[in-house]
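Presented below is the structure to which this report refers.
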Amino acid sequence: MRIKLGCRIGYTLAAPTPMVALLNVHYSRFADLEGPDHLHTSPGVPVTSYRDMFGNWCARCIAPAGEFEISTNCIIRDSGEPDPYVPDAMQHAVEDLPSETLTCLLGSRYCDTDLLSETAWNLFENTPPGWERVQAICDYVHNTVQFGYEHARNTRTASQTLTERVGVCRDFTHLAITFCRCMNIPARYCTGYLGDIGIPLPHAPGDFAAWMEVYLGGAWWTFDPRNNQRRIGRVLIAQGRDAADVPLTNTFGRADLTRFEVWTDEIA
């Protein structure tokens with residue numbers, strides 16, 4: 001399968017504004033790209049790149065005052081298979097976990113494990129450890145939280161999502177990650193492209209998506225509490241502890257969003 005994917009994001013800026021963007025395909029999928037997914041700006045400005053502490057590819061520039069756009073467009077090859085399903089993937093004892101996964105057991109900006117630990121154990125202590133427990137967490141979050149773009153709020157934490165019972169995909173993901181961490185399952189936040197390949201019409205306008213990866217059976221596996229089903233054509237951009245680590249764009253000054261387009265389309 002071949003997928004055309006990209007985005008175009010526009011701003012109005014009152015003054016020259018430093019900006020960092022995480023919009024390039026994750027290095028784990030570089031070999032699947034048919035060509036480089038360069039970041040373009042309009043008007044053109046110098047762009048430099050670096051890897052952050054999580055290995056994500058970041059682009060930085062100084063956006064000039066006025067109208068400014070950043071965009072990317074590429075074609076990527078995909079297996080066409082849905083997300084993996086490995087029901088016998090086991091949960092590790094904490095003492096047996098690789099050291100590099102331990103950060104993904106701790107609380108973070110949006111994943112307030114200290115407030116939800118008791119709730120998590122009350123809800124999931126009697127579920128079988130491993131894949132089935134993570135799926136039980138996803139089922140609970142999916143059935144408890146109501147999705148709606150009108151509910152978006154960039155300060156909402158996992159505990160607030162549980163209290164308010166509304167949110168967007170990042171809120172679903174933060175709550176599921178927090179429950180997993182409370183149950184001693186390493187979990188990390190992912191952002192990327194997820195179109196509607198294989199999903200019946202009508203399709204909603206394109207958007208980026210958030211999901212999580214959990215560490216079971218010696219590997220990281222994808223779970224999606226927002227959609228709660230295996231999907232086709234998921235393309236990772238960045239990973240972190242939560243959304244604070246992987247903002248798609250970060251502007252260091254006022255920036256009014258004027259355009260937001262995302263496409264993820266299967267092509268011949």
Side-chain angles (χ1 to χ4, degrees), residues 1-9 20-41 46-61 70-86 89 98-101 103-104 131 134 169 173 177 186-199 206-224 226-227 229-243 245-250 261-268:
M1 170 185 293
R2 300 168 72 234
I3 302 172
K4 182 178 181 180
L5 53 81
C7 65
R8 184 175 293 107
I9 305 173
V20 176
L22 281 75
L23 294 171
N24 294 101
V25 170
H26 193 259
Y27 70 86
S28 61
R29 297 296 304 269
F30 277 1
D32 298 325
L33 290 168
E34 293 191 359
D37 62 334
H38 292 310
L39 193 71
H40 300 278
T41 70
V47 177
T48 59
S49 298
Y50 67 95
R51 289 202 186 279
D52 66 12
M53 61 186 292
F54 304 103
N56 303 311
W57 194 244
C58 309
R60 62 186 299 188
C61 66
I70 54 178
S71 63
T72 184
N73 189 45
C74 63
I75 296 174
I76 193 167
R77 297 182 298 273
D78 191 80
S79 68
E81 297 296 323
D83 298 323
Y85 174 62
V86 189
S99 298
E100 62 271 17
T101 69
T103 299
C104 295
W131 192 279
V134 177
C169 58
T173 301
I177 286 173
R188 63 191 181 191
Y189 183 95
C190 299
T191 186
Y193 292 96
L194 180 62
D196 291 303
I197 297 170
I199 301 299
D207 196 1
F208 292 109
W211 60 89
M212 68 176 182
E213 291 179 346
V214 302
Y215 192 82
L216 297 171
W220 291 96
W221 303 104
T222 295
F223 285 83
D224 184 348
R226 153 70 177 104
N227 294 293
Q229 59 178 301
R230 298 164 68 204
R231 295 287 294 270
I232 297 170
R234 195 184 299 272
V235 178
L236 180 66
I237 290 177
Q239 302 162 331
R241 292 165 298 187
D242 59 31
D245 291 331
V246 290
L248 293 165
T249 60
N250 200 348
E261 300 175 31
V262 181
W263 51 90
T264 313
D265 303 314
E266 183 181 2
I267 59 177

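All figures in this text were calculated on a predicted structure; none of them were measured in a lab.
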TODO: Start with the C-alpha distance between T264 and V235, add both sets of side-chain angles, then the distance that settles side chain to side chain contact (heavy atoms under 4.5 Å, CB included), and finish with yes or no.
DONE: CA-CA 9 Å; T264 313; V235 178; 5.7 Å; no
- [ ] Could you give me the CA-CA distance, side-chain angles and deciding distance for L5 and V25, then say whether side chain to side chain contact (heavy atoms under 4.5 Å, CB included) is met?
- [x] CA-CA 10 Å; L5 53 81; V25 170; 4.2 Å; yes
Open item on the list: Go through it in stages, so that I can follow the logic: the residues are D245 and Y189, the test is side chain to side chain contact (heavy atoms under 4.5 Å, CB included), and I'd like the CA-CA distance, side-chain angles, deciding distance and then a yes or no.
Closed with: CA-CA 9 Å; D245 291 331; Y189 183 95; over 6 Å; no
Task: Full working for side chain to side chain contact (heavy atoms under 4.5 Å, CB included) between L22 and T191 - done: CA-CA 10 Å; L22 281 75; T191 186; over 6 Å; no
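To the nearest 0.5 Å, atom CG of residue D37 and atom CG of residue N73 are 9.5 Å apart. Distance check, rounded to the nearest 0.5 Å: CZ of R188 to OG1 of T173 gives 14.0 Å. Taking CD1 of I9 as the reference point, atom OG1 of T41 lies at 13.0 Å (rounded to 0.5 Å). For the atom pair CD1 of I76 and CD1 of I3, the computed distance is 7.0 Å after rounding to the nearest 0.5 Å. In this structure, CG in L236 is found 6.0 Å from CD in E213, a value given to the nearest 0.5 Å. With rounding to the nearest 0.5 Å, the separation of CH2 in W220 from SG in C104 is 4.0 Å.
The shortest heavy-atom contact between A187 and V214 is CB-CG1, 4.0 Å. Nearest heavy atom pair, residue D224 against residue A210, reads OD1-O, 4.2 Å. Considering every non-hydrogen atom in both L39 and N24, the closest pair reads N-ND2, 4.3 Å. Across all their heavy atoms, F54 and Q239 have their closest contact at CB-O, 3.5 Å. G195 and R231 get closest at one heavy-atom pair: O-NH2, 2.6 Å. Across V47 and A59, no two heavy atoms sit closer than the pair CG1-CB, 3.8 Å.
R226 has its side chain out of reach of L194: every pair of non-hydrogen atoms, C-beta onward, lies at least 4.5 Å apart. Between W57 and R51, some side-chain heavy-atom pair lies under the 4.5 Å cut-off. Put simply, the side chain of D242 does not reach to within 4.5 Å of the side chain of I177, judged on heavy atoms. Side-chain contact between I232 and M1 is present, with heavy atoms from C-beta onward closer than 4.5 Å.
Within 6.0 Å of atom OH in Y85, 12 or fewer heavy atoms from other residues, nucleotides or ligands are found, so the atom counts as exposed in its surroundings. Within 6.0 Å of CZ on R60 lie no more than 12 heavy atoms contributed by other residues, nucleotides or ligands.
Of the candidates R234, R29, R2, R29 is the only one forming a salt bridge (charged side-chain N to carboxylate O under 4.0 Å, His left out) with D78.
Looking only at distances, a side-chain donor or acceptor of W221 sits under 3.5 Å from a matching main-chain atom of L216.
Using a 30° and 60° split on the angle between ring planes, W131 and F223 fall in the tilted class, from 30° to 60°.
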